[in-house]
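As the structure is a computational prediction, the values presented were derived from the model and not from experiment. We use all heavy atoms of the structure for the numbers below, so side chains are in, but hydrogens, waters and symmetry mates are not.
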Amino acid sequence: RHTKTEPLPTYDEVLVCTPDTTEEEVELIVRRALSSDSQNQKIYCLLSAEKLVYKVSRQLESHFFRLLQSSTIPDYRFIIFCNAKAHNSYVITAFDTYKVTIPCYSKTEIQAYLSTHLKVPCGTAPVAQAFEEPYQQNVKFVFSNQAGMGR
């Protein structure tokens, strides 16, 4: 669903995958997506899932289908983003039946959408102002070795 007013995902909805992503991190986001608390209309996403190592990819598949069978949530929202050129990815193979092609938007459309959602409102907390840059677009990726530790 595409609307210009839809918010961007929050920190707890997105997992950016790397070869160092752990089984626990993957299991946590799958649990969030398929739990009864997911009725709050959040959309959970795995980005660059083709980068997961084989063992973690297998665990993703296992956790997803195990939790899906026990879930009472008919309308869960869980999206796995993969590079279409990564043909040797276990994730792409395991979830092939769920594959969809997303529409492509122009660079101008994407920039317009992001410019409306990535501005820090006036009077916000000092934390948001710590990253102040021209045009007040404040998107920063902060990576931590300890997930959920707020560092």
Side-chain angles (χ1 to χ4, degrees), residues 1-3 6-105 107 110-111 113-120 124-133 136-151:
R1 165 174 76 151
H2 171 70
T3 66
E6 281 294 315
L8 289 169
T10 59
Y11 73 94
D12 65 326
E13 295 174 76
V14 179
L15 177 61
V16 180
C17 300
T18 70
D20 296 324
T21 300
T22 66
E23 295 174 30
E24 292 79 16
E25 291 170 317
V26 168
E27 180 181 7
L28 179 61
I29 198 159
V30 172
R31 284 186 182 281
R32 285 178 183 160
L34 297 176
S35 74
S36 58
D37 294 336
S38 70
Q39 295 289 48
N40 54 12
Q41 303 303 312
K42 290 188 175 188
I43 301 174
Y44 295 91
C45 308
L46 284 180
L47 301 180
S48 301
E50 77 281 356
K51 293 180 181 177
L52 294 173
V53 296
Y54 179 75
K55 183 179 179 184
V56 176
S57 298
R58 291 285 313 258
Q59 289 299 316
L60 166 61
E61 178 187 33
S62 173
H63 291 310
F64 177 79
F65 288 110
R66 181 176 45 81
L67 290 169
L68 185 62
Q69 288 179 345
S70 63
S71 177
T72 58
I73 308 304
D75 298 329
Y76 65 90
R77 295 173 176 208
F78 185 60
I79 302 172
I80 301 173
F81 290 94
C82 292
N83 182 340
K85 295 177 182 170
H87 300 293
N88 60 346
S89 167
Y90 184 85
V91 173
I92 292 174
T93 304
F95 293 93
D96 187 60
T97 58
Y98 296 95
K99 182 170 74 173
V100 294
T101 303
I102 57 174
C104 292
Y105 296 99
K107 182 178 178 181
I110 294 169
Q111 287 175 330
Y113 174 81
L114 291 176
S115 69
T116 61
H117 289 287
L118 299 180
K119 290 184 180 174
V120 176
T124 56
V127 170
Q129 296 166 357
F131 297 115
E132 208 164 304
E133 292 178 3
Q136 292 186 338
Q137 292 187 0
N138 299 305
V139 174
K140 300 290 182 197
F141 283 96
V142 179
F143 294 93
S144 171
N145 291 331
Q146 296 180 333
M149 298 303 291
R151 297 181 185 175

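Between the side chain of E13 and the main chain of K42, no donor-acceptor pair closer than 3.5 Å is present.
In this structure, S48 and C17 approach most closely via the heavy-atom pair O-CB, 3.4 Å. Across every non-hydrogen atom of L68 and L34, the tightest pair is N-CD1, 3.7 Å. Heavy-atom minimum distance, C45 versus I29: O-CD1, 3.4 Å. Across all their heavy atoms, A86 and I92 have their closest contact at O-CD1, 3.0 Å. Across all non-hydrogen atoms, the minimal contact from A49 to V91 is O-CG2, 3.6 Å. What you find for V53 and P19 is that their closest heavy atoms are CG1-O, 3.4 Å.
Side-chain contact between Y44 and V30 is absent, with no heavy atoms from C-beta onward closer than 4.5 Å. The closest side-chain heavy-atom distance from V26 to F64 is not below 4.5 Å. Residues L46 and L60 have side chains in contact (heavy-atom distance under 4.5 Å, counting atoms from C-beta outward).
Once rounded to the nearest 0.5 Å, the distance linking OG1 of T22 with CG of L52 reads 10.0 Å. We find the CG-CD1 distance between L47 and I79 to be 9.5 Å, quoted to the nearest 0.5 Å. Between atom OG of residue S57 and atom CD of residue E50 there is a gap of 9.5 Å, rounded to the nearest 0.5 Å.
Take E23 and apply the salt bridge (charged side-chain N to carboxylate O under 4.0 Å, His left out) test, not counting sequence neighbours, and it matches K55. Here F65 pairs with F95 under the ring-ring contact (aromatic ring centres under 6.0 Å, His included) rule; sequence neighbours left out. For Y54, the ring-ring contact (aromatic ring centres under 6.0 Å, His included) partners are Y90, not counting sequence neighbours.
When each of H63, Q59, R58 is checked for a side-chain contact (heavy atoms from CB on, under 4.5 Å) with E61, only R58 meets the rule.
Defined by atom type and a distance below 3.5 Å, a donor-acceptor pair is present between the side-chain atoms of T10 and D12.
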